[in-house]
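The structure appears right after this line, and notes come after that.
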Amino acid sequence: MHQTGGYGNKTSDYFPVLDQIDAVVAANGIMIGPNWAHLVDNYDNRMVHMTIKGHVEMSEMAVWAIQATEAGQDWNLLVPATVARSGNIITIPVSVRGDETLTTEVGKYSSYGGDPVNLGLEVLGGGSITSATVSGGNIVLQVSGTVTAVRHAMQRNGIDTRTQLDSNGYGYVAHRSIIRTTLTRTRTVGGLELVLKRFIPSFEVTIT
């Protein structure tokens with residue numbers, strides 16, 4: 001399953017991304033990756049369809065995911081439903097493989113309205129994030145105030161992303177993150193030079 005990218009300009013919650021994670025876990029399936037990590041073509045002024053290159057990238061990601069799974073390697077990048085807060089620190093483990101760690105791709109959205117604050121993470125419950133980093137297979141947040149949950153790449157964004165396009169009319173939707181793993185794969189398909197990357201899907205974690 002590909003995780004839905006959400007609307008280009010969404011001002012309310014978009015929960016199907018969480019339902020898709022639940023479905024993959026329940027069916028012991030494969031979450032190939034999030035659509036929001038790929039460029040969208042605004043030809044219809046709706047910002048909902050990936051570019052041809054994006055579709056090819058996601059197809060190649062599917063092939064990679066199937067090959068890895070058939071070889072007995074882990075693929076899904078999942079987080080626990082609940083994590084405990086220790087003082088002002090929240091540590092969220094991600095199920096990375098043994099041959100990868102977490103990293104960030106700073107500048108991914110530099111031409112499209114800018115990278116999201118706090119790596120694409122948000123907190124619920126009235127608190128705030130004072131720092132956000134990755135370390136090994138963990139997302140590490142320093143927070144203040146009451147925090148009941150952490151969301152990743154589920155932004156409720158009032159900015160019209162249709163105005164944040166390049167010269168080809170391409171852009172990214174409101175759901176954004178710069179957190180991915182260090183594991184990549186290069187492919188040449190139909191003259192397209194591709195670098196496949198494993199971005200962490202959208203998620204929500206309850207904090208205790």
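Just so you know, these numbers come straight off a predicted model, no measurement behind them.
- Here the side chain of N76 pairs a donor or acceptor atom with the backbone of G29 at under 3.5 angstrom.
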Trace of the side chain to side chain contact (heavy atoms under 4.5 Å, CB included) decision for I139 with T91 = CA-CA 6 Å; I139 297 170; T91 302; over 6 Å; no

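- Judged by distance alone, with hydrogens and angles left aside, the side-chain atoms of E60 form no donor-acceptor pair with the main-chain N or O of R187 at under 3.5 Å.
- Using a cut-off of 4.0 Å between Lys/Arg side-chain N and Asp/Glu carboxylate O, E204 and R151 are scored as salt-bridged.
- In this structure, N42 contributes its side chain and M47 its backbone to a donor-acceptor pair below 3.5 Å.
- When atom types are taken as modelled, the side chain of N118 and the backbone of G120 share no donor-acceptor pair closer than 3.5 angstrom.
- Among all heavy-atom pairs drawn from A37 and Y172, the shortest one is O-CE2, 3.5 Å.
- Note on residues 126-141: pairs passing side chain to side chain donor-acceptor pair (under 3.5 Å), not counting sequence neighbours, are S128-S144.
- D115 and Y109 get closest at one heavy-atom pair: OD1-N, 2.9 Å.
- Clustering of Ile, Leu, Val, Met, Phe, Trp and Tyr side chains at separations under 4.5 Å places M1 together with I21, V24, V25, M31, L78.
- Put simply, the side chain of S86 never gets that close to the backbone of I89: no donor and acceptor are under 3.5 Å apart.
- No donor-acceptor pair closer than 3.5 Å links the side chain of T181 to the backbone N or O of L102.
- The side chain to side chain donor-acceptor pair (under 3.5 Å) analysis of residues 192-203, with sequence neighbours excluded, yields the pairs W36-S202, E100-R198, E105-K197, T188-E193.
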